[in-house]
Each structure stands twice: as structure tokens, then as C-alpha cells.
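Worksheet for the structure shown next.
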Amino acid sequence: MLNHEDNELLCRVGPGTPMGNLMREYWIPALPSSEFPGPDCQPKRMRLLGQNFVMFRDSKGRMGALDEHCPHRGASLYFGRNEECGLRCAYHGWKFDIDGNCVDLPTEVGVRKENMQANIKARSYPCRESARMVWVYMGQRKEPPPFPLYEVNTVPVDHIEEPCIMMEEANWLQNIEGDLDSNHLDWLHSRLAEDSPSPSIGLPGFWSPAGKVPPVLDVVRTNYGAYYTAARKLKNGNEWHRINHFMYPYHTMISHGDKIALRTFVPIDDDHTMIVWIQGNPNRALTEEEIAQGGKMFEEFGGFIERTNDPRSYFMTKANKSNDYCHDLKMQKEEMFVGVPFVANIQDRMMTELMCNDKGEFIYDRTKEHLGSSDAMVVAVRQQLLQAVKKHRDTGELPQNNEDTNLHRMRAATLSLAEGADWNALSEGARNADSGEPVAADVPTII
Amino acid sequence: MVKVTFIQHDDRTETLDLDTGISLMEGAVKGGISGIDADCGGACACATCHVYIHEAWIERVGSPSVMEENMLEAAACDVQPGSRLSCQVTLRPELDGLTVCIPEFQR
């Protein structure tokens, strides 16, 4: 349970909010590079942390992000002509480069033009491409923080799949808490019985080796956030540990086979979140087919609706809250605990997208919840976040992982260990991307 | 309404007017008293709303149930004679003037 003030502090991310300010000081994965296939291609509208942008790739192939509206009289630069290293507003021809410099102002001549051009800037945001995503820095500092050295950002890009992205029409903290709560695997993602047939779509449902005995959680708080294990007893007497991480301010890393991964719950605004799941192979280049795989994850379940130019319609799956996520009672009766296939985070979205407060905003009112021992990581991460956001609000100081990007060399892991073993000590190598060990996935994720 | 005084471990003191019929935990959290986490939301299933009832009030507040006593064993700070889980203390008119101390931490 959280009190109202703390809940608001964690959930609200718009301009000027404490959490919004904290998040703006980190690089944010905004859109896939593939959305901007070549120089001078069509600009895209984007919305991050309640702010609207236009993003474009200039004639030299460089990415730019500007406040959406032209500094002249507010027309959307989305309709601008993307040409000769800048975006020219379709209204009166003012033109801006990726750094926001006004490179032409044809409504004036002579000294007036010179002066006006020199004094007018579009607010621009540094962009960087990594792991097939365009990342944006929206913060106050002149120099952005160092780029985060997550493993997906440091292996060659041909080791990385196209990102799997899904829009959620709810607050950012709702779906991310599922990544911190291993227990819901035993229910939401489970198949009906150990020998239930696999649905024709998606992963076979989860089946815990411990049956319905809840996992035992153990949390370790760190200077980048926290990690935890959820231990379930295997039939051979060992314990099966799923070790997953939370990293400030909106990332998780969850164990999924032998892939390396990074998940980001990108707040579009207070009640829209874009869930970006980047996966890759630490050791080898992927085939073309493997690369395309991540971006196609929803294809077998209807894919996406036709998008408009509103970023809140991007990556909106055909199965969504307006059609009960294509809930199928036959599947629920015969195969899966919940009658929707196990495809990325769709089942999670069913659970978290309808959570709302008294005003009908899709921001859960956590004064009403009842947390138990299976929520130990949820509790820890909220406390870490509250501490971080209050410290940043009151002193300007950011969590250590903002500057010290070496703190991002972690991995999620799945391990089978003897009962009662010191999981934390024994997983040290598996949790470290630089240990030289293979990705620890010696027990499959889905049993 | 009853007046309840909360004393933090560092002696910061706050007095609130709280409705009767709700729990001491609910009143404290709604009133913005820090140091009461109440993870389980009042289900007597954690020990993160632990308080120390002031000596003079222990008798009037009453003693914990067996269920609460078992849960108190999980409290992060020492259990003392006045220890209660504040979600299990209902505010009643005769508790007007109650004074409770909040432990340094709840986990």
C-alpha cells in the first residue's frame, strides 16, 4: 500500500513533476531506427513524458528530435519538408536543423532576418542510435549523461533483434510491476494443467515445478535499483531461481532463455506506456530472419491496428481492451488459465490496463491495495524509486547509475541450485555480463 | 474525532484529529504520518505498521490478538510491551488523546 502523495509522486511524469524530472535525466529509447528508414524520410510525431516531439532523420542520416510546434506560430513541424539537413515548416518556410538552429527564416529580409534567425531556436533533444532504437535525452544538462552500457548497447548491432514494442493504455508503473512479481507466472501465464495442450498461438503456458506453492522471494537493493530471486522447488529437490533486475528509472531485465535483454517501460504520458523489449545474442551475429523476429512477435495474434499520426496509436495491438484482448473461453476451458495466448505482455496488459483511480484515470490508486510476501520486490522497488525521486527533487542528486554506466553490466539469470544454497553468492558470475560465463539459462524458462 | 499524537524516533511530534471507526494505521497514513508503511493494507499480514503505544495508554488500547501477536514477531524493530500493529487498533472515542511512538524502521 502507498499513501496518495507517494503514489502520485511515482506515477506522474509530465513536465515539471519530480518523477518526470528524474526520468528526463536518463536516455530514453523512443522509437525504432527502422521507423526512419533513410535520409530525409518522413518525420514522425512522438510523445514522451507528456511532451510532443517531431523526430526526423536529416540528409546526412543523423536523427533529430524537436519540440513539435514551430517557434513561429505553432504549426506542427510534423508536416515540415525534411530536406537539405533540416526540417522546413510547411506554414511559412522557417527551417531548423537537428540541433534546433534556425537555418532559414524566409519571412524576413536583411538585418531583421539575420537577428531573428540568430535569436530563435527550436528546442532540440540529443538523439543517439543503439540496439536498433533511437534514444533521446530530454534533461536539463547541456551535456547528456554517458550512454548506458547495458549489454544490448555494447554488443554489435547485428547481434540484436528488432525491438518488440507494445503500447499500454495505462500508467507506466502498472505493467512494470509484473516484472517484479514472479508469482503471477504461476497463475496469469500458466497453462491449465501440466499436460494441457499448447495453444496454437504464443508460448506454452508456464507450469511451475512447485505446482501452486508460491515462490520464495529474496531482494537485494543496489545503487542501480534492485534485483531479486524467486525460488521454486524443483522435482529433484533443488531450487529453481529466476533472478531479475530493476534499474532506475524504468528498466527491467528478466530471464528469458539464453538471450540478453533490456526492457523499458517508456512513459508516453501519465496514462500511456510503450513497452520496449530489446533482445539479442551475446556471442554471434543473428540471421536476417532472427533479427526480424522481435518486431514480429504480435503477428501471430493479429498484429497492430492501423496507426494514426498520434503516438498513442503506435504499436497498439489488435487484441486490446476494446475487444477483451480477443479473450477465448474455449482456450480458458481447455488450455490456459486465462483465455488469451501467452504473447509478450498481452496477458499482463489485461491485468494492468484496467487498473484506475476514482477519477477514472488509468493510474492505479495504491491506497487500496493489499501487498503480501510475494510482493517483496514490488515494495522494494517502490521504496528505491521514492527515495531516488525525493532526493533528486530536494537536492538535485541523481542515482549513481546515471553517471556510472558500468553499473549496467548486469544480466538476468535462471539457475538450479541446491536447496538453501547462497543464491546471491553463487549467481555472481551469472549476474555479470563481463564474467565470461554464458547466459545462465540452464533450466528453461517455460517448463 | 479523536486527537492522536505521533512521536517519531527522532522526537518529531505531530498531532492529528482523526475519525473514529477507522484504524490507527488508516488515520496515520491518510494524515501523512511518515514511518508507517502498511504494505498489506490492513490485513494483519505483514508487520510494517508497527507502533509503540505510550505507556499510559496501553491498558486502554488493549492487547493484541493471537494473530497480531504472531505477526508482530516479524517486526523489524524490537517488540516492547506497547507494541501493536496500528492496522489492528480501531480508533474509539475513549482513545481521544492517544499518544504513540513510531519505530525507526519497518523492515
Side-chain angles (χ1 to χ4, degrees), chain A residues 1-12 18 173-174 177 180-184 214-222 225-228 230 246 355-358 364-391 393-394, chain B residues 4 6 8-10 12 14-19 21-51 65 67-77 84-91 100 102-107:
Chain A
M1 168 178 148
L2 285 180
N3 66 37
H4 177 73
E5 290 69 28
D6 283 349
N7 196 42
E8 290 285 303
L9 202 53
L10 290 180
C11 294
R12 304 278 176 187
L173 195 62
Q174 285 167 211
E177 289 190 341
L180 316 175
D181 146 34
S182 190
N183 194 189
H184 81 284
V216 176
L217 270 55
D218 195 11
V219 178
V220 181
R221 296 173 194 225
T222 68
Y227 61 93
Y228 79 116
F246 164 81
M355 295 172 175
C356 61
N357 61 20
D358 286 345
Y364 179 47
D365 175 3
R366 292 179 176 76
T367 65
K368 294 186 171 161
E369 67 186 0
H370 300 84
L371 302 181
S373 45
S374 70
D375 304 305
M377 179 68 170
V378 170
V379 170
V381 167
R382 287 183 195 168
Q383 286 184 334
Q384 293 286 82
L385 273 169
L386 278 169
Q387 211 174 16
V389 75
K390 288 175 182 171
K391 195 170 189 185
R393 178 193 64 191
D394 299 340
Chain B
V4 180
F6 296 89
Q8 298 285 351
H9 75 280
D10 59 3
R12 274 180 302 126
E14 242 181 295
T15 301
L16 299 179
D17 287 313
L18 300 176
D19 285 327
I22 62 170
S23 73
L24 177 59
M25 176 279 280
E26 239 180 305
V29 170
K30 278 193 185 145
I33 298 292
S34 58
I36 295 184
D37 293 343
D39 287 349
C40 84
C44 196
C46 66
T48 61
C49 67
H50 181 202
V51 295
S65 67
M67 178 170 77
E68 185 185 334
E69 252 176 7
N70 289 338
M71 210 60 243
L72 268 169
E73 286 172 21
C77 283
R84 290 295 308 264
L85 296 181
S86 55
C87 73
Q88 299 301 303
V89 175
T90 305
L91 293 172
V100 302
I102 295 172
E104 190 177 355
F105 37 81
Q106 295 285 3
R107 64 192 76 242

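Just so you know, these numbers use all the heavy atoms, side chains as well, and skip hydrogens, waters and symmetry mates. Below, chains carry the letters A, B, ... as their sequence lines are ordered, and counting in each starts from 1. Predicted model, so just to flag it, every value in this text is computed and none were measured.
- Considering only residues two or more places apart in sequence or on other chains, B:Gln106 meets the side-chain hydrogen bond (donor to acceptor under 3.5 Å, both in side chains) condition with none of them.
- Near-neighbour residues of residues 370-386 of chain A relative to chain B, defined by a heavy atom under 4.5 Å from a heavy atom of that chain, comprise A:His370, A:Leu371, A:Val379, A:Gln383.
- Comparing B:Val29, B:Ile36, B:Asp39, B:Thr48 by heavy-atom pairs within less than 4.5 Å of chain A, the highest count is held by B:Asp39.
- Interatomic distance, A:Cys11 SG to A:Leu173 CG, rounded to the nearest 0.5 Å: 5.0 Å.
- Heavy-atom distances place no part of B:Cys46 under 4.5 Å from chain A, backbone and side chain included.
- Sorted by first and then second residue, the salt bridge (charged side-chain N to carboxylate O under 4.0 Å, His left out) pairs with a member in residues 40-51 of chain B form an empty list; sequence neighbours excluded.
- Between A:His4 atom NE2 and A:Thr367 atom OG1 the span is 8.5 Å, to the nearest 0.5 Å.
- A salt bridge does not link A:Glu8 to A:Arg366: none of the charged side-chain nitrogens sits closer than 4.0 Å to a carboxylate oxygen.
- Listed by chain and number, the residues in a side-chain hydrogen bond (donor to acceptor under 3.5 Å, both in side chains) with A:Tyr228 amount to none (sequence neighbours excluded).
- Side chain of B:Glu104 to backbone of B:His9: no donor-acceptor contact under 3.5 angstrom is found.
- For B:Ala38, the parts lying near chain A are the backbone and the side chain together; criterion is any non-hydrogen pair under 4.5 Å.
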